[in-house]
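Only one structure is covered here, and it is reproduced in the block below.
Keep in mind that this is a model prediction, so the values were computed, not measured. Below, chains carry the letters A, B, ... as their sequence lines are ordered, and counting in each starts from 1.
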2 protein chains.
Amino acid sequence: LLRLINVSKIYGTGESAVAALSHINVSIQPGEFVAIMGPSGSGKSTMMNILGCLDAPTTGHYYFRGVDVGSLDRDQRALLRRNFIGFVFQGFNLLKRTSALENLELPLIYRGTPRGERHELARKALALVGLSDRETHTASELSGGQQQRVAIARALVTKPDVIFADEPTGNLDSAKSHEIMELFRTLNEEQGITIVLVTHEEDIAAYAKRHVRFMDGRIASDTLNVQR
Amino acid sequence: LLRLINVSKIYGTGESAVAALSHINVSIQPGEFVAIMGPSGSGKSTMMNILGCLDAPTTGHYYFRGVDVGSLDRDQRALLRRNFIGFVFQGFNLLKRTSALENLELPLIYRGTPRGERHELARKALALVGLSDRETHTASELSGGQQQRVAIARALVTKPDVIFADEPTGNLDSAKSHEIMELFRTLNEEQGITIVLVTHEEDIAAYAKRHVRFMDGRIASDTLNVQR
Ligand SMILES: Nc1ncnc2c1ncn2[C@@H]1O[C@H](COP(=O)(O)OP(=O)(O)OP(=O)(O)O)[C@@H](O)[C@H]1O
Ligand SMILES: Nc1ncnc2c1ncn2[C@@H]1O[C@H](COP(=O)(O)OP(=O)(O)OP(=O)(O)O)[C@@H](O)[C@H]1O
Ligand SMILES: [Mg+2]
Ligand SMILES: [Mg+2]
């Protein structure tokens with residue numbers, strides 16, 4: 001499904017060049033549930049942005065379902081994201097002055113979903129993350145953890161093939177974190193959705209079937225989670 | 001030092017009114033180290049914003065060093081924040097297109113600190129959070145955890161009397177989280193800085209001397225941490 005071949009990402013040039021990613025090789029099959037871990041600044045979000053077709057490598061190739069994403073133009077990449085990918089950003093990226101419900105309807109509007117069905121799907125997604133009583137609140141009228149949950153719901157509302165979640169439980173208390181992880185597990189096991197999730201918490205990573213650990217822009221280890 | 005008396009915060013009116021805080025009474029002495037905990041949406045950030053003089057209660061009073069903050073005008077509140085308070089926001093609130101170093105110099109510019117001294121203090125604060133090699137990166141060129149650490153450094157750079165930190169380790173891996181908590185402990189024990197910190201992680205809260213737990217806008221418990 002997803003294949004990174006010898007991918008590097010370099011910011012800046014010469015003396016001040018930063019290798020955010022260095023010769024990354026990783027392959028993810030449909031239906032997998034992968035946790036990406038590693039210290040702050042080790043390259044996790046950079047890789048997620050490339051996998052989510054939001055950014056391009058400096059060198060190397062990224063194949064999404066066999067398609068070389070580097071060979072697509074902007075519109076084709078946008079179409080790919082819209083139809084196959086749900087992305088939960090580390091910084092949420094919600095529209096602050098738009099309501100929770102409208103934030104969820106946006107990806108559906110882009111897909112041409114009719115209004116009645118859009119509203120229904122958005123309400124269901126919001127209910128899944130426990131925020132039915134906050135439908136009309138704007139993003140700036142929500143707590144940090146509530147905004148995070150709206151961002152999660154937005155990634156699921158289009159029923160994508162693969163969900164990329166960059167630290168989706170960072171602002172949630174323990175009970176809500178586990179609720180969200182149970183939700184991801186259900187989507188993965190019952191609907192076959194591929195999940196790639198960044199976390200720095202071991203008990204969140206415990207839900208995943210495979211652990212990829214980063215260190216200084218490289219993959220330090222890639223192992224199956226045998227404790228599941 | 002800090003005293004909330006029967007403080008409530010209500011958003012909206014009538015049917016859609018939300019009591020973010022309900023009859024809060026809490027007193028914090030100089031030199032304390034308090035952890036604020038509780039589920040997502042339970043009122044923690046709302047209380048922090050009132051304590052940090054960024055927001056006002058709907059009813060009740062807030063006394064900072066004996067001064068009724070509600071009786072101050074905007075400029076007087078800004079002066080209070082500038083001179084006594086360091087605030088780490090749950091959403092960081094850095095200037096995205098400004099370098100890490102410049103973000104740190106901003107509070108010092110407001111205090112009229114001379115340029116040479118400003119630069120020196122900013123560099124030292126950045127070193128304390130392990131980001132000396134990222135001085136010239138703009139906030140948008142930093143990872144999530146690096147941005148969080150710049151936000152922490154900015155709260156310390158003016159050597160305030162009290163630091164309010166709203167989930168300061170949410171985006172940090174375990175090793176860096178403990179480094180930051182050791183830093184807070186040192187500031188508290190060696191310099192007597194009062195620390196009020198929101199977290200939803202028990203092993204982060206373990207560094208604090210007192211635990212205040214929120215539930216639905218009320219304080220459910222307020223206990224000393226005897227395990228320290
Ligand atoms: N401007 C606003 N208008 C309406 N409701 C609001 C507004 N700001 C906050 N709220 C509500 O007040 C409640 C408390 O919010 P607060 O941000 O204090 O929670 P929190 O404990 O910090 O949560 P988290 O752990 O998720 O950050 C939430 O239920 C939120 O929806
Ligand atoms: N636009 C940029 N210009 C220069 N350097 C950058 C840029 N964006 C990211 N970096 C650097 O690339 C490295 C990797 O960043 P990345 O965001 O992938 O880390 P991360 O593993 O997600 O960290 P965190 O856990 O803190 O979110 C960091 O050291 C960061 O400073
Ligand atoms: Mg990141
Ligand atoms: Mg909060």
Side-chain angles (χ1 to χ4, degrees), chain A residues 11-12 15-16 18 20 37-46 48-49 89-92 94 96 129-131 133-150 166-177 179-180 198-204 213-215 217, chain B residues 11-12 15-16 18 20 37-46 48-49 89-92 94 96 129-131 133-150 166-177 179-180 198-204 213-215 217:
Chain A
Y11 289 109
E15 277 291 314
S16 66
V18 172
M37 312 181 71
S40 172
S42 56
K44 308 180 296 294
S45 295
T46 304
M48 292 289 275
N49 289 339
F89 293 88
Q90 191 168 4
F92 315 155
L94 300 175
K96 293 240 181 289
V129 297
L131 286 174
D133 61 349
R134 290 282 181 277
E135 285 183 355
T136 55
H137 281 233
T138 65
S140 60
E141 292 170 348
L142 296 174
S143 77
Q146 291 167 342
Q147 290 179 26
Q148 188 153 40
R149 285 182 276 156
V150 174
D166 198 343
E167 308 217 24
T169 63
N171 282 287
L172 299 178
D173 53 274
S174 179
K176 299 249 174 16
S177 296
E179 268 176 53
I180 293 296
V198 173
T199 181
H200 56 254
E201 295 187 55
E202 297 286 345
D203 49 349
I204 296 300
R213 290 178 194 272
F214 266 79
M215 183 71 98
Chain B
Y11 290 109
E15 276 291 315
S16 66
V18 172
M37 311 182 71
S40 171
S42 56
K44 308 179 296 294
S45 295
T46 304
M48 292 288 276
N49 290 339
F89 294 87
Q90 190 169 5
F92 316 155
L94 300 174
K96 293 239 180 292
V129 297
L131 287 173
D133 60 350
R134 289 282 182 278
E135 285 182 355
T136 55
H137 281 233
T138 66
S140 61
E141 291 170 349
L142 296 174
S143 77
Q146 290 167 343
Q147 290 179 27
Q148 187 152 42
R149 284 182 277 156
V150 173
D166 197 343
E167 307 217 25
T169 62
N171 283 286
L172 299 178
D173 52 275
S174 179
K176 297 247 176 16
S177 296
E179 269 176 53
I180 292 296
V198 174
T199 181
H200 55 256
E201 297 186 54
E202 296 287 344
D203 49 349
I204 296 300
R213 290 178 195 271
F214 267 79
M215 184 72 97

What part of [X] gets closer than 4.5 Å to chain B, counting heavy atoms only: side chain, backbone, both or neither?
{"X": "A:Gln147", "answer": "neither"}
{"X": "A:Ser40", "answer": "both"}
{"X": "A:Glu167", "answer": "side chain"}

Against chain A, work out which of B:Ser42, B:Ser16, B:Gly170 has the most heavy-atom pairs shorter than 4.5 Å and name it.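 Highest number of pairs under 4.5 Å: B:Gly170.
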Please rank B:Arg149, B:Lys44, B:Met37 by heavy-atom pairs under 4.5 Å with chain A and give me the top one.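 The residue among B:Arg149, B:Lys44, B:Met37 with the greatest pair count is B:Arg149.
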Pick from A:Glu141, A:Glu202, A:Glu201: which one has the most heavy-atom pairs with chain B under 4.5 Å?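 Top option by heavy-atom pairs under 4.5 Å: A:Glu201.
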Heavy-atom pairs under 4.5 Å with chain B are the metric here; pick the option from A:Gly12, A:Gly38, A:Gly41 that has the most.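 That would be A:Gly41.
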Is it the side chain or the backbone of B:Gln148 that comes within 4.5 Å of chain A heavy atoms, both, or neither?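 Neither the backbone nor the side chain of B:Gln148 comes within 4.5 Å of chain A.
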Identify which part of B:Thr169 has an atom lying under 4.5 Å from any heavy atom of chain A, answering side chain, backbone, both or neither.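 Contact with chain A is through the backbone of B:Thr169 alone.
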Flag the pair B:His137 / A:Val18 as yes when at least one side-chain heavy-atom distance between them is below 4.5 Å, and no otherwise.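 SC-SC contact between B:His137 and A:Val18 confirmed.
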With a 4.5 Å limit on heavy-atom distance, are the side chains of B:His200 and A:Lys176 in contact?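 No - every pair of side-chain heavy atoms lies 4.5 Å or more apart.
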